[in-house]
Amino acid sequence: MDGAARRIDLPVDTLDHATAAAEAARLSAEIERANRAYYQEDAPEISDADYDALLARLAAIEARFPDLATAASPTRRVGAAAAAGFREVVHARPMLSLDNAMSDGEVREFAARVRRFLSLADDAALPLTSEAKIDGLSLSLRYEGGALVSAATRGDGSRGEDVTANARTIADIPHRLPAGAPAVLEVRGEVYLGWEDFTALNAAQEAQGQKRFVNPRNAAAGSLRQLDPAVTANRPLRFLAHGWGEVSAPLADTQYGFMMALKALGFPVSDTLVQVEGEEQAIAHWAALLARRPSLGFDIDGVVHKVDRLDWQERLGFVARSPRWAIAHKFPPEQALTRLVAIDIQVGRTGALTPVARLAPISVGGVVVTNATLHNEDEIARKDLRVGDLVLVQRAGDVIPQVLCHRTPEAEHAALPTFAFPDHCPECGSLATREPGEAVRRCTGGLTCPAQRLERLKHFVSRRAVDIEGLGGERLAAFIALGWLERPGDLYRLPERETEIAALDGWGRQSAAKLAIAIAARREVPLDRLLFALGIRHVGEVTARDLARAVGDWPALAALLDALVAHDPAPAEGETPERHAKRVGAELAAMVGVAGIGPEVATALRDFWAEPHNRETVADLLGFVTPLPARIETRESPVAGKTLVFTGTLETMSRDEAKAAAERLGARVAGSVSAKTDLVIAGRDAGSKLRKATELGLEVIDETAWRAILAAV
DNA sequence: AGCCCTCGAGTTCC
DNA sequence: CTCGAGGGCT
């Protein structure tokens, strides 16, 4: 940003035509350069604010001298593209990630899990497919009536970026499918760059005085996310299909058959794809590909094994964000030795003091690593890490660097001082303590600690919480320093200061207006997100969602919280404080009555609400924000919203499968029978739970009736 | 009481 | 992604 922001701009209306033309040319060049840095190298050279300022200045000049506004001007091209940006695409079927296996043993466990879930014998045949896992980026191609209509990146799995124009420039991707293709077909695969093409691309980049790409994966990512498809067209990107999303008519009844059908339709399919009889052959294939890795010509980071039968895939379904019927069998990660230069302490939003290793820069698996988390004080002690040590570093799952151990010669290591973990917060100086039995040491400063205050606000605006765009850590910190921001409600007061913000260093009128819009867009927030955003201890995304769905809306939640605070029984005769806390915790959990919320979480909820300061913060926030009632799944099934209990042995499906099926139908599955149970499914040899259900007069059905419910939906 | 699984919290790279 | 903790099952 050198010069750009500091340059003193003359008012546009005082410029003569020649000066304006010169400045417009200079601005255009500067914007083009920034564009290249941002889009092609994924390495922005100037801040968004500075970029906005350049663009705004150029637009102002062009507005006064329209003849300077050529068709090629960045205000046209970038402006148009930026307005559209990359459109968001909602995936018809979510794009999931895969569970990882780091060893042969974990692949065998995967196979055992699958057999158990399907109620197969331990030695039953389990046909799998196995193929190399390419280190590129996932792409979903949607064809309607045989024509490519959209191409989207994975994004967060449910929503990705529309890169259709760029995908059309990739030679491996068919624009039209032959007759006979399904009316709707979503093909998923990987976009990547081969080693030779990567080397050539970097040579070309260097020849043009541009930055080299770090690795083929980043180069492919940067190339696909070009705003100008012409640039993508010049990059030799390749594509390999490995799966599918929505399909109007099934193409086969096995994974392998489906992939062959895609091949017949013109999609490139990996020549490493094979059908195997079971996990042992899959493991052998993994070993063979590890040996072939150096001669493949492109990066792979493991092998993917999938259950071949599609009817089994369907039964297995999904857990959290990954399918139960596939596993990524990773290759051993690359390791490297480097020097531990320092250990810094970071303070998180809960006050947790986290040690971070500062490392002498070292290339591991194609990326230069300089930092790595050390988790906590015990971890440092366990590995006996000392500043000055030579340490072994690897990138776990090829992403996050970790320090494995030190490899310093003993005499040298012994001479280094042991690391003394601070007992005071490095940010605010407050005492930092450890709860008995806990691994983390926490700053006790609470909101008086500037680090905690900032981290809590960062959490509030983060994508998974309230999701206010354009507010990063630095901007938040600046607002806090100005005294404009202390608690979440203050965020909604920022738009009142729009003109003041526009005048700040690094801001412009456009960026300030954009911020005001982003904030205004979040005056209605789904209750679950809002609850998560409050940052109550132990209440993360999932718990917040479960709780919000259970209570429904904000008044109901507030009533529950009030009731928790009101529940304050005195200790019984001779009851120790620990026992008392435990008993009350259990009582609170029972009051909440939501699966997954036990004594600890219930107590955290009460403690949060018992704090007058927190209630004020929430009241202040609700002056601006309307919580949207959590939408309750009202699926068309007879068990939606009901609590089910399975008992006895099910003959045709495992307990896990039954539970997953019930949850798909919107039911909740509990472990024990109580008055809250709506329906009991009794299998063979049902015992005490069935007796209790009969005593309580609950509805009880057998497995046949249960299957009928499943079949009816 | 002990085990397994899920969830929460913190972090890295770009 | 990993580790630790909480919750629920056996």
Side-chain angles (χ1 to χ4, degrees), chain A residues 37-38 41-44 97-100 102 109 113 137 211 213-215 217-222 225 319-322 328 330 333 344-359 361-379 382 393-404 434-435 437-442 451-452 455-456 458-459 462 464-465 532 535-547 582 585-586 589 592 594-604 645-647 655-656 659 669-672 687-689:
Chain A
Y38 187 85
E41 288 146 41
D42 268 356
S97 52
L98 296 181
D99 199 10
N100 291 324
M102 307 307 288
E109 281 169 23
R113 267 199 312 275
L137 21 350
K211 253 217 211 113
F213 291 105
V214 180
N215 56 38
R217 194 186 176 284
N218 284 3
R225 297 184 67 257
V319 61
R321 289 180 200 86
S322 52
K330 307 290 265 200
D344 287 350
I345 304 290
Q346 294 186 352
V347 183
R349 78 179 151 91
T350 63
L353 265 46
T354 308
V356 179
R358 306 293 177 199
L359 305 164
I362 178 83
S363 174
V364 192
V367 166
V368 177
V369 168
T370 51
N371 302 310
T373 175
L374 295 174
H375 297 112
N376 57 55
E377 119 180 66
D378 291 349
E379 189 81 1
R382 204 175 308 134
V393 176
Q394 76 174 19
R395 292 208 303 149
D398 276 343
V399 183
I400 299 191
Q402 58 183 202
V403 175
L404 294 171
R434 267 176 86 164
E435 294 287 313
E438 282 212 335
V440 289
R441 185 175 285 276
R442 289 196 152 84
Q452 287 191 50
E455 293 301 321
R456 285 187 204 194
K458 268 163 78 174
H459 172 72
S462 68
R464 312 188 94 96
F532 173 54
I536 301 168
R537 200 102 184 267
H538 299 130
V539 180
E541 228 178 335
V542 176
T543 306
R545 196 192 55 212
D546 289 350
L547 184 55
K582 220 174 144 181
V592 178
V594 173
I597 297 185
E600 206 67 31
V601 182
T603 306
V645 173
F646 290 94
T647 176
R655 191 67 74 79
D656 277 351
K659 184 172 185 229
V669 177
S672 56
S688 64
K689 282 195 263 187

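Here is the naming used below: chain letters follow the sequence lines, and residue numbers restart at 1 for every chain.
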Proximal nucleotide (of [options]) relative to the [X] side chain:
X	options	value
A:A439	B:dA9, C:dG6, C:dG4	C:dG4
A:T543	B:dC7, B:dT12, C:dC3	B:dC7
A:T350	B:dG10, B:dT12, C:dC3	B:dG10
A:T354	C:dG7, B:dG10, B:dT12	B:dG10
A:N371	C:dT2, B:dG10, B:dT12	B:dT12
A:P401	B:dA9, B:dT12, C:dG4	B:dT12
A:V601	C:dG6, B:dT11, C:dC3	C:dG6
A:V542	B:dC14, C:dG4, B:dC7	B:dC7
A:P599	B:dT12, C:dG7, B:dC7	C:dG7

Fill in the blank from the handout: Of A:V347 and A:A544, the one whose closest nucleotide on DNA chain B sits nearer the 5' end is A:A544
Tell me the interatomic distance from [X], atom [atom1], to [N], atom [atom2], rounded to whole angstroms.
X	N	atom1	atom2	answer
A:R441	C:dG4	CZ	C1'	17 Å
A:H538	C:dA5	NE2	P	9 Å
A:K582	B:dA1	NZ	P	8 Å
A:R545	B:dG8	CZ	P	9 Å
A:R456	B:dG10	CZ	P	10 Å
A:R442	B:dG10	CZ	P	7 Å
A:D546	B:dT6	CG	P	13 Å
A:E435	C:dG4	CD	C1'	15 Å

Exercise for the section: For the pair A:H459 (side chain) and A:F532 (backbone), establish whether a donor and an acceptor sit closer than 3.5 Å, ignoring hydrogens and angles. Expected result: yes
Exercise for the section: Apply side-chain contact (heavy atoms from CB on, under 4.5 Å) to A:I345 and A:R441, showing your working. Expected result: CA-CA 11 Å; A:I345 304 290; A:R441 185 175 285 276; over 6 Å; no
Problem - Heavy-atom pair of closest approach, residues A:A357 and A:V403 - result: CB-CG2, 4.3 Å
Practice task
Would you classify A:R113 as touching base, sugar-phosphate or nothing, given that sugar-phosphate means primed atoms plus P, OP1 and OP2, and contacts are heavy atoms under 4.0 Å?
Solution key: nothing
Would you say [N] has OP1 or OP2 under 4.0 Å from some side-chain N or O of [X]?
X	N	value
A:R537	B:dG8	no
A:T370	B:dC13	yes
A:T373	C:dT2	no
A:Q346	B:dT11	yes
A:N376	C:dC3	no

Exercise for the section: Step by step, work out the side-chain contact (heavy atoms from CB on, under 4.5 Å) result for A:R442 and A:L353. Expected result: CA-CA 6 Å; A:R442 289 196 152 84; A:L353 265 46; over 6 Å; no
Practice task
Give the intermediate values and the outcome of side-chain contact (heavy atoms from CB on, under 4.5 Å) for residues A:V539 and A:L547.
Solution key: CA-CA 9 Å; A:V539 180; A:L547 184 55; 5.5 Å; no
Problem - Verdict with supporting geometry, A:K458 and A:E455, side-chain contact (heavy atoms from CB on, under 4.5 Å) - result: CA-CA 5 Å; A:K458 268 163 78 174; A:E455 293 301 321; 3.3 Å; yes
